[in-house]
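Here's the structure, in structure tokens; my notes come after.
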Amino acid sequence: MYDPKRIEQKWQGYWIDNRTNEPDLDGAERPFYNLMMFPYPSAEGLHVGNLYAFTGADFHGRYQRLRGHDVFQPIGFDAFGIHSENYALKVDVHPTKLIPSNIANFTRQLRGTGIMYDWSHTVDTTDPGYYRWTQWIFLELYDAGLAEKKEAPVNWCPSCKTVLANEQVIAGECERCYSQVEQRMLSQWFFKITDYAERLLENLDHIDWSDTTLTAQRNWIGRSEGALLRFPVARPKVADDRYEPAQLERERRMIEVFTTRPDTVYGATFMVLAPEHPLVDEITAPERADAVAAYRRETAALDLKERQKADDRGKSGVFTGAHATNPATGEEIPIFVADYVLMGYGTGAIMAVPAHDQRDFEFATEHGLEIRTVVAPTDEHAGEAADPELGAAFTAHTENERLVDSGEFSGLAAAEGGRRIVEWLAERRLAEPRVNYRLHDWCISRQRYWGPPIPIIYCDDCGTVPVPREDLPVELPYVEDFKPGDDGIAPLAKDRTFYEVDCPSCGAAARRETDVSDTFLDSSWYFLRYPSVGDDERPFGPARTERWLPVDTYIGGEEHAVLHLLYSRFITMVLHDLGHLAFEEPYDRFRKHGLLIRDGAKMSKSRGNVVIPDEYVERFGADTFRAYLMFLGPYDEGGDFRGEAIMGPHRFLNRAFDAVEAAVESGVTGFPDPGVERALHATIKQVTEDFARLSFNTVIAALMELLNAIRAGGRTPTVDEVRPLAIMLGPIAPHLAEEMWELLGGEPSLFDHAEWPTWDEAKLVTDTVEVPVQVNGKLRATIRAARGATEDVVKAAALADEGVQRHLEGGELVKTIHVPDRLLNLVVK
RNA sequence: GCCGGAGUGGCGGAACUGGCAGACGCGCCGGACUCAAAAUCCGGUGGGAGCAAUCCCUUGAGGGUUCGAGUCCCUCCUCCGGCACCA
């Protein structure tokens with residue numbers, strides 16, 4: 001039995017006094033940057049979810065340390081943002097008061113966990129010394145033409161009263177408050193992340209990340225190959241005679257559409273514009289104006305989620321009275337406005353091919369429009385052609401389908417036909433190949449208080465003027481009433497002393513931007529700051545950046561697969577292109593961890609199944625709690641937190657400590673028992689390999705097995721047997737391991753002086769092996785044979801076995817399978 | 001609907017490139033210690049038949065490949081996560 005409280009205090013004190021966890025940032029020879037996602041400092045304090053994430057990362061960091069690396073493992077606080085601000089509103093405490101006390105509380109809790117943080121290099125995103133560089137990054141993007149203010153349909157959260165990035169809208173709801181998100185046309189600051197879509201996608205092939213995270217990013221970027229097609233809008237018939245044909249052609253409006261199926265253009269029998277499409281007013285015939293306006297009002301009133309409920313509402317839409325020319329057939333086809341076409345994807349307009357697109361098919365059926373088949377099914381699919389009776393479009397698009405009713409392209413395979421059609425239309429500038437992305441530009445304006453002000457000044461004469469670099473930071477002023485308003489006007493717009501400013505360019509009275517930037521901009525570069533904390537001259541110093549970055553291992557939650565992880569890749573790539581960084585990918589290796597659940601459900605306050613770590617730490621100590629968290633399931637899958645199961649790791653650590661005490665007391669050295677020695681080498685091998693692949697639950701199981709072998713039959717272990725055990729326990733139970741190391745006569749700290757144990761393959765093999773003998777694939781006996789025994793020898797021994805003989809009776813031995821030292825299988829007929 | 005991931009004892013979970021399924025732990029049962037309980041220590045523990053040696057069954061369901069399948073292939077079911085009228 002050991003006293004966790006005493007030794008944990010002892011070693012935590014030792015680590016601080018001796019700066020054990022602070023690597024030499026300027027001189028480290030084997031630098032290893034071990035990063036974990038910095039927390040948002042909630043008022044509730046540290047919860048098990050945080051601790052689960054950090055503990056796994058700490059296992060990894062301490063393992064790398066014991067493997068001889070100089071590990072830099074910092075922590076900080078992502079303290080700006082809507083989450084913090086909403087909480088401040090709820091409890092009616094100003095964020096400038098609330099957040100510092102939350103950070104202080106978090107810091108106190110984290111210091112008690114024994115995690116190997118370098119407390120001399122922490123980051124707080126609300127510190128002007130930090131966000132002045134966040135603003136600097138904004139200006140760098142602005143100067144590079146990658147930040148622009150534009151009118152665009154944006155997501156508006158009516159409860160948070162701010163716009164949200166696309167990534168922050170989850171199934172039509174605000175990711176923070178779960179309100180239904182609305183669409184609004186607003187002028188906002190955007191970062192042109194879409195310019196980087198291709199590179200963000202391509203680089204995914206070259207970085208060592210969890211597969212699921214890579215897949216999530218690929219899906220989010222959503223690349224589709226196809227073509228941009230132009231459909232000339234037909235003038236109303238009555239007006240035609242006022243124009244010369246040539247002039248008519250020149251002045252014709254084009255409706256651009258994106259399609260992945262240019263091969264079906266001969267089957268485009270109508271067009272559809274999204275209700276928000278800018279051309280709608282212009283093309284709508286006067287007699288249809290009222291109906292179209294009514295429809296647009298109706299759809300505008302729907303929030304995102306209602307709009308997506310296609311099943312309930314069917315395919316609604318109205319005819320505009322206008323027509324466009326199908327560039328392939330030359331026929332005039334009607335133009336509709338319908339909300340099944342989204343302004344946010346492609347061009348906000350489509351060519352509708354009801355025969356080969358299910359949505360268009362439904363719309364055509366509902367509105368009585370022509371359905372024209374232009375892709376013929378092969379024999380295999382005969383009978384699957386678009387058919388109103390069947391209620392389905394024919395959408396197969398493999399090399400087997402061929403084009404029909406498609407002019408000179410009839411008879412071609414669909415894919416080939418599509419390419420040829422695009423080439424043909426391209427000659428008349430009516431088509432061009434196009435790659436389209438689902439990814440949108442990153443909207444970074446927030447009409448909120450708790451964030452870094454966007455460093456822009458608007459001047460009547462000079463226009464948009466960036467704040468000069470030397471005037472940074474633009475400090476967030478204290479605004480007593482920081483509540484957001486319904487009107488989209490930011491809280492900072494209430495503070496005249498803030499927004500009234502002289503134009504830095506001409507000196508005339510001007511006005512500051514009063515929106516703040518998205519929290520995800522704060523967190524998009526924090527890992528660049530850590531090594532250079534304290535440097536007030538620049539965001540990150542070249543020497544330290546060169547030594548420590550990119551990050552060696554980043555461990556974090558899958559919930560940021562497309563948010564933080566995509567944004568920080570983008571910002572890193574931009575900083576690389578602007579010459580500030582030598583690398584363009586921030587994290588060499590990313591591993592996601594799983595989610596802790598309890599009673600089969602995600603932990604949440606509303607369910608009342610949240611685990612408070614403090615009680616467990618108080619009762620069993622931080623070491624036991626760490627071991628339990630990592631033992632309850634595979635780290636990348638998470639697991640079910642069952643409080644009573646903590647007894648396993650608790651007993652294990654106590655037994656391990658007792659073993660060390662017994663060994664020291666006996667003073668016996670060496671490896672008197674070959675079985676124990678073999679177990680030791682096998683364990684070192686497995687533990688070393690499993691630590692490397694972050695398989696912590698099997699590491700702990702292997703060490704438990706080793707301890708069982710060492711203490712089998714109540715035997716007294718030797719000093720040499722338990723020393724490697726103590727070292728391998730280092731990443732798991734650091735305080736206890738230090739105590740054991742000291743007991744064994746090692747010089748503290750274990751993490752500075754212990755060498756990771758090595759194994760000898762020769763020690764793993766035994767002279768004899770147990771060979772399972774199967775008859776027809778079923779186990780009938782195991783025989784003992786010399787290692788490397790030949791098939792003849794093993795077979796002879798097997799045939800002599802009574803149990804084997806019984807199963808061979810009455811049959812003829814037709815085949816023998818022998819895997820040396822592993823198995824013998826006798827096949828009888 | 002699309003894209004991921006997963007279904008193994010009472011429970012959490014092991015099983016490297018196909019080769020003794022159920023490691024390790026929780027729980028439970030029995031025993032030791034104790035006046036008793038907790039803690040601790042020792043033994044047992046997938047299901048079924050049998051006094052027993054032993055035999056049969058068993059990795060969500062069904063089929064296949066193979067000397068041999070939890071692992072590979074096909075079909076289906078269930079659960080979890082993500083995206084979702086994406087043209």
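Keep in mind it's a predicted model, so treat the numbers as computed, not measured. Letters A, B, ... mirror the listed sequences (proteins, then strands); counts begin at 1.
Rounded to an integer number of Å, the gap from NE2 of H440(A) to C1' of C86(B) is 9 Å. In this entry the distance linking CZ of F361(A) with C1' of C85(B) reads 16 Å, nearest Å. Here the P atom of nucleotide C2(B) and the CZ atom of R359(A) are 14 Å apart, to the nearest Å. Distance, Q217(A) CD to G82(B) C1': 13 Å, rounded to whole Å. With rounding to whole Å, D339(A) atom CG is found 18 Å from A87(B) atom P. In this structure, NE2 of H593(A) is placed 15 Å from P of G81(B), rounded to the nearest angstrom. Taking atom CD of E362(A) as the reference point, atom C1' of A87(B) lies 14 Å away to the nearest angstrom. Here C41(B) presents its P atom at 8 Å from CG of D658(A), a figure rounded to the nearest Å.
Taking the P atoms as reference points, U58(B) lies 27 Å from G44(B), given to the whole Å. When the C1' atom is used for both A14(B) and A87(B), the distance is 48 Å, rounded to whole Å. A gap of 12 Å separates the P atoms of G64(B) and A69(B), to the nearest Å. Taking atom P on both nucleotides, U8(B) is separated from A15(B) by 15 Å, rounded to a whole Å. Using atom C1' as the reference point in both G48(B) and U66(B), the two lie 29 Å apart (nearest Å). Nucleotides C35(B) and G10(B) place their C1' atoms 34 Å apart, quoted to the nearest Å. Taking the P atom of each, U17(B) and G7(B) are spaced 15 Å apart, rounded to whole Å. Comparing the same atom, P, in G30(B) and in A37(B) gives a spacing of 13 Å after rounding to whole Å.
In G9(B) the O4'-C1'-N dihedral to the base is within 90° of 0, which defines a syn nucleotide.
Looking only at distances, a side-chain donor or acceptor of H356(A) sits under 3.5 Å from a matching main-chain atom of V374(A). Checked by atom type and distance alone, the side chain of D636(A) never pairs as donor or acceptor with a backbone atom of R591(A) at under 3.5 Å. No donor-acceptor pair closer than 3.5 Å links the side chain of N436(A) to the backbone N or O of S224(A).
Of the two residues near RNA chain B, F258(A) and W220(A), the one whose nearest nucleotide lies more 5' is W220(A). Between E637(A) and G803(A), the residue whose closest nucleotide on RNA chain B is further toward the 5' end is E637(A).
Contact between the side-chain N/O atoms of R780(A) and the OP1/OP2 oxygens of C56(B) is found at a separation under 4.0 Å. Note on H807(A): a side-chain N or O is less than 4.0 Å away from OP1 or OP2 of C55(B). Close to C57(B), at under 4.0 Å from its OP1 or OP2, lies a side-chain N or O of K778(A).
Using a 4.0 Å heavy-atom criterion, one finds that R223(A) contacts no nucleic acid atom at all. Within the 4.0 angstrom heavy-atom criterion, no nucleotide atom of any strand lies near R711(A). H650(A) comes within contact range of no nucleotide atom at all, as no heavy-atom separation falls under 4.0 Å.
The shortest distance between side-chain heavy atoms of H650(A) and Y628(A) does not fall below 4.5 Å. Residues K685(A) and E761(A) meet the side-chain proximity criterion, which asks for heavy atoms closer than 4.5 Å. No side-chain heavy atom of D357(A) sits less than 4.5 Å from a side-chain heavy atom of I350(A).
Residues passing the side-chain contact (heavy atoms from CB on, under 4.5 Å) test with Q805(A): none are found, sequence neighbours excluded.
K5(A) and E618(A) are joined by a salt bridge, as a carboxylate oxygen and a charged side-chain nitrogen come within less than 4.0 angstrom of each other. Electrostatic pairing of R218(A) and D205(A) counts as a salt bridge here, judged by a charged N lying under 4.0 Å from a carboxylate O.
Surrounding CD of E644(A) are more than 12 heavy atoms belonging to other residues, nucleotides or ligands, all under 6.0 Å away.
Seen from the ring of F363(A), K315(A) does not count as a face-on cation partner, given the 6.0 Å and 45° thresholds.
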Contact letters for nucleotides 18-30 of chain B, in which S counts primed atoms plus P, OP1 and OP2 and B counts the base, heavy atoms under 4.0 Å: -BB--BBBSS---
Base-pairing string, 5' to 3', of RNA chain B - Watson-Crick or wobble, under 3.5 Å, | interstrand: (((((((..(((......[....)))((((((.......))))))((((....))))..(((((..]....))))))))))))....
